[in-house]
2 protein chains.
Amino acid sequence: MTAPASRPQSIHLRGHNGAQGPAALAAAQPHQVQFYSANAEIYGQGEKARALYQVEFGAVRVYRLMADGRRQISAFHVAGEVFGFESDGHHHFFAEAICGSAVRIYTLPVGADVSREILPLALAALVRAQEHLMVVGRQHACERVAAFLLDMMDRQGELPSIELAMSRADIGDYLGLTIETVSRVFSKFRAKGYIRLSGSRSVDILKPEALLDMCV
Amino acid sequence: MTAPASRPQSIHLRGHNGAQGPAALAAAQPHQVQFYSANAEIYGQGEKARALYQVEFGAVRVYRLMADGRRQISAFHVAGEVFGFESDGHHHFFAEAICGSAVRIYTLPVGADVSREILPLALAALVRAQEHLMVVGRQHACERVAAFLLDMMDRQGELPSIELAMSRADIGDYLGLTIETVSRVFSKFRAKGYIRLSGSRSVDILKPEALLDMCV
DNA sequence: CGAACCGTTGATGGCTGTCAATTTTGGTGG
DNA sequence: CCACCAAAATTGACAGCCATCAACGGTTCG
């Protein structure tokens, strides 16, 4: 998982909310594809923002840090998804490649036509963020992990077998849990027969209904 | 706090991220102002969305419910702020007046010109939601309440004296805490001399630096 | 004046964080 | 192909924070 571009993950390009897909942003200016190796920074908090990013393959984490090192990942992005929205010309977050990844970079000619294309993407991101708030704010550890696994399954074509690009630490920082708690929940799900693990990053969802029930 | 339109809260209209204010959405169609009494529903989850909303006075909560009644408030909105963004033509959340409130309703002629106006508002909302994720996912109870109080102070013109429109239950559901925990933290802050309470909804911020320090 | 609601405070338990040790995994080099 | 190593993941013990349950005071409204 350290070698750049080592595993294209999933090339399934279905937009998650039906709002975004692999199609190019027609009105954006000529763009380029940039490769990032694992843990490479795509942009940093405070940087000037003048582009949008679309994952070609690989996976990206977008996060924020506190002074003492606590981290909150606000979103993961996989192939086809667009990220990098910012509100005042500056990035408020960090974005890093999780594994070797390719990202298409759209520079923005801040025009009305672009707004029309971008708005639905931004709104979808907003809804996702707000829904994730419910997970982090009001659900127990098991429910959070269940929601995460189902979300990942959903994004990888609803196949019952998923490949996680991210570590337990990433998952924990996404769900507001520690690595230990994430690990314990994985073990618990395995013991109950809900999932099967082949290595730590490969998960078979054996009983999606059981996981779905946990989300209430 | 129950009588409609009883207390205009703050008419200070400074947009929080500098991105939204009291100015009308120029390109939107003729609009109307609607009054809502306390706890009145403005829109419900699943409803068709065809409007944006701007608070004239009062306060609004936007939230989501789980089947068992757990609630997560994703945002509060006060005078001048715009809410009601949705991604696929349907509302994914509930919106209610917290106290008697007036809301200006903009019906949307889905055009490019409108997108240009709305996009910055949507992006600001996105950043706020993602920042709130950090609070809920990674901060302790005291830090969450401190962040909340400072945010409220910020929105009411940075005056050290703030009027809370919302109950402890609302605050708890916003911060991912119980009413008891919220109440305990308020008491703790009062004991430490960080705040002073005049009634349960009126708060004087005596040591904003102390609260700021807690947010790390 | 009583009922209902809201907020506060106390006692207790459980979930999850913390600390620590061990095992597994994945990668490297012989 | 196997040995070795560092990093990641798992598991256990324990503590602490916060949720839960409960009781009580204050305020509002009928």
Side-chain angles (χ1 to χ4, degrees), chain A residues 1-4 6-7 37-39 66 68-72 98-100 135-146 148 163-192 195-203 214, chain B residues 1-4 6-7 37-39 66 68-72 98-100 135-146 163-191 195-203 214:
Chain A
M1 195 55 62
T2 309
S6 60
R7 193 190 307 171
S37 51
N39 303 311
M66 292 180 62
D68 60 2
R70 280 177 283 179
R71 184 178 68 155
Q72 176 66 44
I98 296 175
C99 52
V135 174
V136 169
R138 282 300 180 209
Q139 297 193 170
H140 297 163
C142 292
E143 298 174 308
R144 298 187 205 188
V145 175
F148 168 75
E163 290 297 318
L164 300 177
M166 66 289 290
S167 67
R168 298 289 187 268
D170 286 332
I171 298 172
D173 285 346
Y174 176 64
L175 298 176
L177 300 170
T178 60
I179 35 179
E180 292 92 335
T181 299
V182 172
S183 183
R184 269 184 260 270
V185 174
F186 269 79
S187 297
K188 183 178 167 187
F189 284 175
R190 181 165 45 79
K192 286 196 172 189
I195 64 175
R196 193 156 52 87
L197 294 168
S198 317
S200 59
R201 306 289 183 95
S202 186
V203 185
M214 307 201 63
Chain B
M1 194 54 61
T2 311
S6 58
R7 194 190 306 171
S37 50
N39 302 312
M66 292 180 61
D68 60 2
R70 280 177 284 179
R71 184 178 69 155
Q72 177 66 46
I98 295 176
C99 52
V135 175
V136 169
R138 282 299 178 209
Q139 296 193 173
H140 297 162
C142 291
E143 298 174 308
R144 297 187 205 189
V145 174
E163 291 296 319
L164 300 177
M166 65 290 289
S167 66
R168 297 290 186 269
D170 284 333
I171 298 172
D173 285 345
Y174 176 64
L175 298 176
L177 301 170
T178 60
I179 35 180
E180 293 93 335
T181 299
V182 173
S183 183
R184 268 183 259 270
V185 174
F186 269 80
S187 298
K188 183 178 169 186
F189 284 175
R190 181 165 44 80
I195 65 175
R196 193 156 53 86
L197 293 168
S198 316
S200 58
R201 305 288 183 95
S202 186
V203 186
M214 307 203 62

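Here is the naming used below: chain letters follow the sequence lines, and residue numbers restart at 1 for every chain.
Between R201(A) and dA8(D) there is no side-chain polar atom (N or O) within less than 4.0 angstrom of OP1 or OP2. Proximity of S187(A) to the phosphate of dT11(D): a side-chain N or O atom is located under 4.0 Å from OP1 or OP2.
Checked by atom type and distance alone, the side chain of R70(B) pairs as donor or acceptor with a backbone atom of R138(A) at under 3.5 Å. A donor-acceptor contact shorter than 3.5 Å links the side chain of R201(A) to the backbone of A165(A). Using modelled atom types, no side-chain atom of R190(B) and backbone atom of L197(B) make a donor-acceptor pair closer than 3.5 Å.
What separates CG of L175(B) from P of dC18(D) is a distance of 12 Å, to the nearest Å. Here the P atom of nucleotide dA7(D) and the CD1 atom of I179(A) are 14 Å apart, to the nearest Å. One atom, NZ of K188(A), and another, P of dT11(D), lie 14 Å apart when rounded to the nearest Å. dT8(C) atom C1' lies 16 Å from atom CZ of F189(B), rounded to whole Å. Between L164(A) atom CG and dT25(C) atom C1' there is a gap of 15 Å when expressed in whole angstrom units. In this structure, I171(A) places its CD1 atom 8 Å from P of dA9(D), rounding to the nearest Å. Rounded to an integer number of Å, the gap from CZ of F186(A) to P of dT24(C) is 19 Å. In this structure, Q139(A) atom CD and dC15(C) atom P are separated by 16 Å, rounded to whole Å.
S167(A) comes within 4.0 angstrom of sugar-phosphate atoms only, judged by non-hydrogen atoms across all strands, and of no base. Within the 4.0 angstrom heavy-atom criterion, no nucleotide atom of any strand lies near G172(B).
Side-chain atoms of F148(A) and V135(A), non-hydrogen and from C-beta on, never get closer than 4.5 Å to each other. Side-chain contact between R184(B) and T178(B) is absent, with no heavy-atom pair separated by less than 4.5 Å.
Picking from dT20(D), dT11(D), dC6(C) the nucleotide with the shortest atom distance to the side chain of R184(A) gives dT11(D). When each of dC6(C), dT9(C), dA19(D) is scored by its nearest atom to the side-chain atoms of L177(B), the top-ranked nucleotide is dA19(D). Considering only side-chain atoms of R168(A), the nucleotide from dT10(D), dC18(D), dT8(C) that sits closest is dT10(D).
In this structure, T181(A) and G199(A) both approach DNA chain C, and ranking their closest nucleotides by distance from the 5' end singles out T181(A). The nearest heavy atom of DNA chain D to R138(A) and to L197(A) marks one nucleotide each, and the one closer to the 5' end goes with L197(A). Between A169(B) and A141(A), the residue anchored nearer the 5' end of DNA chain C, judged by the nucleotide with its closest heavy atom, is A169(B).
In terms of polar N and O atoms assigned as donor or acceptor, the side chain of R190(B) never comes within less than 3.5 Å of the base of dT9(C) in a complementary pairing. The base of dC18(D) does not come close enough to the side chain of E180(B) for any donor and acceptor atom to sit less than 3.5 Å apart.
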